[in-house]
Amino acid sequence: MNENLMNETKAYIERIKKTEAYVDYLNYKSILERQPKLKAQVDAFRRKSFEIQAGHKYGYFNAYENLLNLRSQNNDLLNEAIVKSFLEAELKVSKMLTDILNTFAAEVDFDLDFLQE
């Protein structure tokens, strides 16, 4: 890769790391990591949620119902303040990164249409 472009990319990444969304995410992640049992429960929830959402893209049905059931089964966990804050922060970072990657793909005319169903 072009060295100048790589340096600009690294500088852009440093700007992303300084965003409020990313700093909040790291703070809540750090708080959660100080409670290993709680973090393990959150990670299990995140993993199951991801599997349901990914499965939906591959033709598995009932994703919406499965997500509702998962949320219902984990209602107590999801209502804990630190868990709620962490998941909200994670979602903001995820959306930010998705928007950035989609913008890159659109601006460089990189064909991702094959991913559409």
Side-chain angles (χ1 to χ4, degrees):
M1 178 185 280
N2 176 304
E3 185 177 340
N4 188 39
L5 184 57
M6 182 56 79
N7 290 336
E8 289 175 20
T9 302
K10 288 178 181 179
Y12 187 67
I13 291 168
E14 289 306 312
R15 287 179 51 209
I16 291 170
K17 289 179 178 180
K18 292 176 183 169
T19 63
E20 182 179 349
Y22 187 70
V23 170
D24 285 349
Y25 166 75
L26 290 180
N27 286 333
Y28 290 121
K29 180 177 175 254
S30 175
I31 293 168
L32 191 60
E33 287 173 337
R34 290 184 224 138
Q35 302 177 56
K37 285 184 179 182
L38 184 59
K39 184 173 184 324
Q41 290 175 305
V42 171
D43 286 347
F45 170 81
R46 292 166 67 215
R47 186 173 25 264
K48 289 175 188 172
S49 178
F50 179 82
E51 289 170 355
I52 291 169
Q53 293 176 57
H56 178 71
K57 285 205 169 262
Y58 295 106
Y60 299 122
F61 298 101
N62 302 324
Y64 180 73
E65 292 83 7
N66 290 339
L67 283 172
L68 286 178
N69 287 336
L70 180 62
R71 291 188 73 75
S72 176
Q73 293 167 0
N74 290 276
N75 193 45
D76 290 342
L77 174 69
L78 298 175
N79 282 319
E80 290 197 36
I82 185 58
V83 173
K84 195 172 192 173
S85 295
F86 169 76
L87 292 175
E88 288 171 356
E90 180 184 56
L91 182 60
K92 286 179 185 176
V93 171
S94 178
K95 286 181 178 182
M96 176 179 63
L97 294 176
T98 298
D99 289 346
I100 290 168
L101 294 175
N102 286 338
T103 301
F104 274 122
E107 292 297 321
V108 297
D109 192 26
F110 191 74
D111 181 18
L112 296 176
D113 291 343
F114 69 95
L115 295 174
Q116 303 299 319
E117 293 183 35

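Below, each value reflects all heavy atoms present in this structure, side chains not excepted, and no hydrogens, waters or symmetry copies. If you're wondering where the values come from, they're calculated on a predicted model, not measured in any experiment.
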Q: Say whether Arg15 and Thr19, considering side chains only, have a donor N or O and an acceptor N or O under 3.5 Å apart.
A: no
(Q) Starting from Ile16, can I reach Val23 by hopping between I/L/V/M/F/W/Y residues whose side chains sit under 4.5 Å apart? (A) no
Q: Please confirm whether the backbone N or O of Leu77 pairs with a side-chain atom of Asn74, one donor and one acceptor, at under 3.5 Å?
A: no
Q. Between Ala63 and Ile52, what is the shortest heavy-atom contact and its length?
A. O-CG2, 3.6 Å
(Q) How long is the straight-line distance from CD of Glu20 back to CG of Asn27, given to the nearest 0.5 Å? (A) 10.5 Å
Q) What are the two closest heavy atoms between Asn2 and Leu5, and how far apart are they? A) OD1-N, 3.0 Å
Q. Mind checking whether Arg46 and Leu87 have side chains closer than 4.5 Å, heavy atoms only?
A. yes
Q) Is any side-chain heavy atom of Glu88 closer than 4.5 Å to a side-chain heavy atom of Lys84? A) yes
**Q.** In one Ile/Leu/Val/Met/Phe/Trp/Tyr side-chain cluster, 4.5 Å: Phe86, Leu26
**A.** yes
Q) So, the side chain of Ser72 versus the backbone of Leu68: is there a donor-acceptor pair under 3.5 Å, distance only? A) no
Q: Report whether Tyr28 and Leu97 are members of the same hydrophobic cluster (ILVMFWY, side-chain heavy atoms less than 4.5 Å apart, transitive linking).
A: yes
Q: For residues Phe45 and Val83, determine if any side-chain heavy atom of one lies less than 4.5 Å from a side-chain heavy atom of the other.
A: no
(Q) Starting from Val108, can I reach Phe114 by hopping between I/L/V/M/F/W/Y residues whose side chains sit under 4.5 Å apart? (A) yes
Q: Taking only Lys NZ, Arg NE, NH1 and NH2, and the carboxylate oxygens of Asp or Glu, determine whether Lys39 and Asp43 approach each other closer than 4.0 Å.
A: yes
Q: Working to the nearest 0.5 Å, report the span between CG of Asn66 and CD of Gln53.
A: 11.0 Å
Q: For residues Tyr22 and Lys92, determine if any side-chain heavy atom of one lies less than 4.5 Å from a side-chain heavy atom of the other.
A: no
Q) Charged N to carboxylate O under 4.0 angstrom, Lys10 versus Glu14? A) no
Q | Stepwise side chain to side chain donor-acceptor pair (under 3.5 Å) check, Glu8 with Asn4 | A | CA-CA 6 Å; Glu8 289 175 20; Asn4 188 39; 3.2 Å; yes
